[in-house]
Participant: 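This structure is in structure tokens; I'll ask about it shortly.
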Amino acid sequence: MTTVRIPAGWPATEEQALAVQDELRGKVVLDETGPPPGAGRVTGVDVAYDDGRDVVVAAAVVLDAATLDVVAEATAIGQVSFPYVPGLLAFREIPTVLAALDALPCDPGLVVCDGYGLAHPRRFGLAAHLGVLTGLPTIGVAKNPFTFTHDDPAAPRGSATPLLAGTEEVGRALRTRDGVKPVFVSVGHRVTLPNACAHTLALTPAYRLPETTRHADSLCRRVLKGTADPAPGHP
DNA sequence: GCGACAG
DNA sequence: ATCTTGTCGC
């Protein structure tokens, strides 16, 4: 396994990153082309950081959408490619996430990101950015509402309310467990908002967060700690 | 002007 | 994101 260097031409300043978002955001596809909820494959991606050493580990875990069994996984280690700036998270994570996706032995199907898609100050969050760069269907499932507003969804699992930027619905607050804090779902690329929510519900039979996210989070943390094999299949 | 702000 | 033990509850 090799370390992902910061790509040539990667934005180095906030101004450059904003320009890239401005250029790419028009390429988001809102039509549905991904697998229907509960069918095909679903892949979770997540990253973990080692602050002191400027290192980031990304994991991609592929599940069978019907059974939620793990069918493939891959990881990548990279240099942190951007500081954390709210609204520019993608520039910090994407190079290493792309390498993890490339290392998969199969098609990822729908990609589920930890963060936002169109629920973003410029409507181009991590999930949308990753979708445009890969052409894959993507959604974002975040753990908090960022700067957006919402009414509290009703208590039962499956209840949802609009996530609002002013009066524009940029995503949904979706209850995945009875009486538990909702998650915040938004469209990334090639998926509709109702289906993004349906996918999220199909991925949460037991916990608040999608099984995809839970697996990817666990894997990249274990690799960062040296507890898991960074290149399964290559002893 | 001052906070708040995905991970 | 990350720093961190035990503890209450199903």
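A, B, ... follow the sequence lines: proteins, then strands. Residue 1 opens every chain.
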Participant: What integer distance in Å separates A/Lys181:NZ from B/dA6:P?
Facilitator: 10 Å
Participant: Would you indicate whether A/Arg122, at its atom CZ, is surrounded by more than 12 heavy atoms from other residues, nucleotides or ligands within a distance under 6.0 Å?
Facilitator: yes
Participant: Just the rounded figure in Å: distance from P of C/dC3 to NZ of A/Lys225.
Facilitator: 8 Å
Participant: Taking atom C1' of B/dA6 as reference, at what distance in whole Å does atom CZ of A/Arg123 sit?
Facilitator: 14 Å
Participant: Nearest to the side chain of A/Leu126, which nucleotide is it out of B/dG7, B/dA6, C/dT2?
Facilitator: B/dA6
Participant: Would you mind reading off the distance between A/His120 atom NE2 and B/dG7 atom C1', rounded to a whole angstrom?
Facilitator: 12 Å
Participant: Counting only heavy atoms not in A/Tyr207, do more than 12 sit closer than 6.0 Å to its OH atom?
Facilitator: no
Participant: Rounded to whole angstroms, how far apart are CZ on A/Arg53 and C1' on C/dA1?
Facilitator: 16 Å
Participant: For A/Ala119, which contact category applies under a 4.0 Å heavy-atom criterion: base, sugar-phosphate, or nothing?
Facilitator: nothing
Participant: In whole angstrom, what separates A/Asp114's CG from C/dA1's P?
Facilitator: 7 Å
Participant: For the pair A/Arg214 and A/Asp217, find out whether any cationic side-chain nitrogen is under 4.0 Å from an anionic carboxylate oxygen.
Facilitator: no
Participant: Check the pair A/Tyr84, A/Glu93 against side chain to side chain donor-acceptor pair (under 3.5 Å), reporting the backbone distance first and the verdict last.
Facilitator: CA-CA 10 Å; A/Tyr84 173 66; A/Glu93 309 197 335; over 6 Å; no
Participant: Over 60° means perpendicular and under 30° means parallel, so tell me whether A/Phe82 and A/Phe91 are parallel, tilted or perpendicular.
Facilitator: tilted
Participant: Determine the contact category for A/Leu163: base if any of its heavy atoms lies under 4.0 Å from a base atom, sugar-phosphate if only primed atoms, P, OP1 or OP2 are that close, otherwise nothing.
Facilitator: nothing
Participant: Can you check the A/Leu89 CG to B/dA6 C1' distance for me, whole Å?
Facilitator: 6 Å
Participant: Identify which nucleotide among B/dC5, C/dT2, B/dA6 has an atom closest to any side-chain atom of A/Thr147, counting heavy atoms from C-beta outward.
Facilitator: B/dC5
Participant: So what does A/Asp46 hit on the nucleic acid, given a heavy-atom distance under 4.0 Å: a base, only sugar-phosphate, or nothing?
Facilitator: sugar-phosphate
Participant: Under 4.0 Å, counting only non-hydrogen atoms across every strand here, what does A/Tyr49 touch: a base, just sugar-phosphate, or nothing?
Facilitator: sugar-phosphate
Participant: Rounded to the nearest Å, what distance is computed from the CZ atom of residue A/Phe146 to the C1' atom of nucleotide B/dA6?
Facilitator: 5 Å
Participant: Given B/dA6, is OP1 or OP2 found less than 4.0 Å from the side-chain N or O atoms of A/Lys143?
Facilitator: no
Participant: Within less than 4.0 Å of OP1 or OP2 of B/dG7, is there a side-chain N or O belonging to A/Asn144?
Facilitator: yes
Participant: When you check the phosphate oxygens OP1 and OP2 of B/dA6, does a side-chain N or O of A/Tyr84 lie under 4.0 Å from one of them?
Facilitator: yes
Participant: With heavy atoms under 4.0 Å as the rule, sort A/Gly87 into base, sugar-phosphate or nothing.
Facilitator: base
